[in-house]
Amino acid sequence: MTNEGVKLPRVTNRKIADIFNEIADLLDIDGDNPFKVRAYRNAARTILGYPREMADLVEEGFDLTTLRGIGKELAKKITEIVRTGKLVYLEKLKKTHPPQLEELLKIPGLGPGRVRLLHELLRINSLEDLENALREGKLKKVPGFGPKLIAKIENGIQTRRYEAHRFKLSEALPVAEWIVKILKKTKGAIHVEIAGSLRRRKETVHDIDLVAACEEINDTMVYFLNLPKIQKIVMKGTTRSTILLENGMSVDLRVVSTESFGATLHHFTGSKAHNITLRKMAVEKGMKINEYGIWQGKKRIGGDKEEDIYNLFGMQYIEPEMRENRGEIALAQDHQLPTLITRADIKGDLHIHTTYSDGLASIEEMALQAKRLGYEYIAITDHTEHLKVAHGMDEKRARKQLEEIDVLNEKLDGITILKAAEIDILEDGSLDMPDSILEALDLTVCSVHTRFNLSLRKQTERILKAMENPHFTILAHPTGRLIGLREPYDIDMEAVMRQAKARGCILELNAQPDRLDLNDIHSKMAKEMGIRIAISTDAHSLNDLELMRYGIWQARRGWIEKADVINTLPLTALQKLFREMKG
DNA sequence: GCCGTTTTCGGCCCGACTGTTTTCAGTCG
């Protein structure tokens, strides 16, 4: 095999963004030009959201200043970080600041202004200093620090780990839906909707944002503040309140009049970067967008519906999942937005486990459940021998399964069971199943389950080699990450995608809420490279089959359309595709 | 520090809520 495209460990976009955010924190504490601070944060966001690695762009001599929010200075800094692994400017800044000062910014109630004040007046340089000062009652002497703020800071120190926690989409969404259902029944409530990153279906969310349109006389806010399972009321107002639930989730509710609902929903759906871009565009037209509507001078000219905002610029409506300022606004202006995939486009599920390995239901039960969901086909993909913990199948049991599938296909109407397996990619890149079985399968779903800690080079070579196997169909959960639990393993995703493109392999978007792998950025990248994906649930039980919606949402965040996804194909077309892939 | 049919200066999204103060700065989203 060839090593072409496999690179040595390199600076990731995450690292560059972290450096820029750290600079922003330090400048902020210094009281430097707030717009300069914002420029660093904007650039960090642009870099994090960019589908390609800055390291590669630098290598290719790409002009970084063409990226939004990256000018001459920041392009130079990115290049320096990529080339040297560090940034002299940050090193210098760090020298003039106590090393743990930024930690203080994470305490609720402490922003750059107050951190600066504490540093200057009380020489507080760390969390420890802050705790000592609190104990000694020194904070009372600082102007602007009253009893309530001090209590908030004390409280914040204790719970800061809790506050920093992010929740998976699948954890937050049911809670939000539960609250929406309650609030919709309150007197005077006309609309109640989920907003924020939850509405954009981000894989993890920091809190739950809700927006309600109510009549002037309503008891929506009162009910909100009296929901069961409230740990504490963080903030209470007539139009806006925040509660903290017992499970640690923070929930915001905004109550507005019906005529403002569209503007408010849009405002609190975000993303921030998306909204800022639209607001700037409004300003250029001599108008203003705020959370209450669209304004020309003092005159309100729209905002009842979200569509008003997009109509203002003659652009297409942008679905919440796309509102990340990753180029969607320009596309909407040109009326070139993709038609995002929907759950209804899905005709089958290509990653399903049964009792043959670590699944909980039989092949037949899974097939019948899939039929109830309206599918035409499923692929049964039990684990292979190497994966002992999942009771992987040896050759004998694999053969038995194939026979059972033949029998079931004879017996069942309206659903077709495809023969497959989730085949371990071994450390040397070989597939954990003899060719004699591979040949009998309609497709293979291949994945890494061991040796997650190989070097970037070895892990990438392992996968590239596996893809050379003519029986390789789909690369399952391509980065192996478990959200909040396990980092993705080190692979050169661009090299993997180039190989997938060259070999005609499919990449999976695994719909398990703790995987969602490919992520949004990788999905978009695959689409741009012309690689098709399979959105699959990796179901281990009957209920798991309904996780498809999480995969669909992630795909929509990656701008994926029906045509990009192979399991939107009708059965005959899909079978034809698999036959062609086998050559 | 970025950006540009108001291009190389002078803008930069915008408002609610809190706490502390008495008119506002800081924080937050």
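None of the values given here were measured: they were computed from a predicted structure. Sequence lines set the chain letters: A, B, ... in the order given, protein chains first and strands last, and positions in each chain run from 1.
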S.K.: Counting only side-chain nitrogens and oxygens, does A:Tyr292 get under 4.0 Å of the OP1 or OP2 atom of B:dA16?
M.R.: yes

S.K.: Name the nucleic acid region contacted by A:Leu67, choosing base, sugar-phosphate or nothing; use a 4.0 angstrom heavy-atom cut-off, strictly under.
M.R.: sugar-phosphate

S.K.: Check every strand shown and say whether A:Pro112 touches a base, only sugar-phosphate, or nothing at a heavy-atom separation below 4.0 Å.
M.R.: sugar-phosphate

S.K.: Provide the distance between the two P atoms, one in B:dC17 and one in B:dC12, to the nearest whole Å.
M.R.: 24 Å

S.K.: Taking atom C1' of B:dG15 as reference, at what distance in whole Å does atom CZ of A:Phe268 sit?
M.R.: 8 Å

S.K.: What is the distance, to the nearest angstrom, from the CZ atom on A:Arg68 to the C1' atom on B:dC3?
M.R.: 10 Å

S.K.: So what does A:Lys77 touch, heavy atoms closer than 4.0 Å: a base, only the sugar-phosphate, or nothing?
M.R.: sugar-phosphate

S.K.: By nearest heavy atom, map A:Thr238 and A:Leu74 onto DNA chain B; which one lands nearer the 5' end?
M.R.: A:Leu74

S.K.: Looking at A:Val192 and A:Ala189, what are the two nearest heavy atoms and their distance?
M.R.: CG2-CB, 4.3 Å

S.K.: Strictly below 4.0 Å: does A:Lys280 bring a side-chain N or O up to OP1 or OP2 of B:dG4?
M.R.: no

S.K.: Considering every strand and a 4.0 Å limit on heavy-atom distances, what is the contact class for A:Asn33: base, sugar-phosphate, or nothing?
M.R.: base

S.K.: If you look at every strand shown and take non-hydrogen atoms under 4.0 Å, does A:Ile70 touch a base, only sugar-phosphate, or nothing?
M.R.: sugar-phosphate

S.K.: Return the value, rounded to whole Å, for the distance between atom NZ of A:Lys272 and atom P of B:dG15.
M.R.: 15 Å

S.K.: Looking at B:dT8, which nucleotide sits across from it as a Watson-Crick or G-U wobble partner, both distances under 3.5 angstrom, or is there none?
M.R.: none

S.K.: With a 4.0 Å cut-off on heavy atoms, is A:Pro147 in touch with a base, just the backbone sugar-phosphate, or nothing at all?
M.R.: sugar-phosphate

S.K.: Can any side-chain N or O of A:Glu328 pair as donor or acceptor with the backbone N or O of A:Asn325 at less than 3.5 Å?
M.R.: yes

S.K.: Is A:Asn290 close enough to B:dG15 that one of its side-chain N or O atoms is under 4.0 Å from OP1 or OP2 there?
M.R.: yes

S.K.: Taking only N and O in the side chain of A:Thr239, is any of them less than 4.0 Å away from OP1 or OP2 of B:dC17?
M.R.: yes

S.K.: Looking only at atom types and distance, does a side-chain atom of A:Asn275 sit under 3.5 Å from a main-chain N or O of A:Leu278, one as donor and one as acceptor?
M.R.: no

S.K.: Classify the nucleic acid contact of A:Gly196 as base, sugar-phosphate or nothing, counting any heavy atom under 4.0 Å across all strands shown.
M.R.: nothing

S.K.: Base, sugar-phosphate alone, or nothing: which one does A:Tyr40 contact when heavy atoms must sit under 4.0 Å apart?
M.R.: sugar-phosphate

S.K.: Grab the CG-C1' distance between A:Leu104 and B:dT27 for me, whole Å please.
M.R.: 15 Å

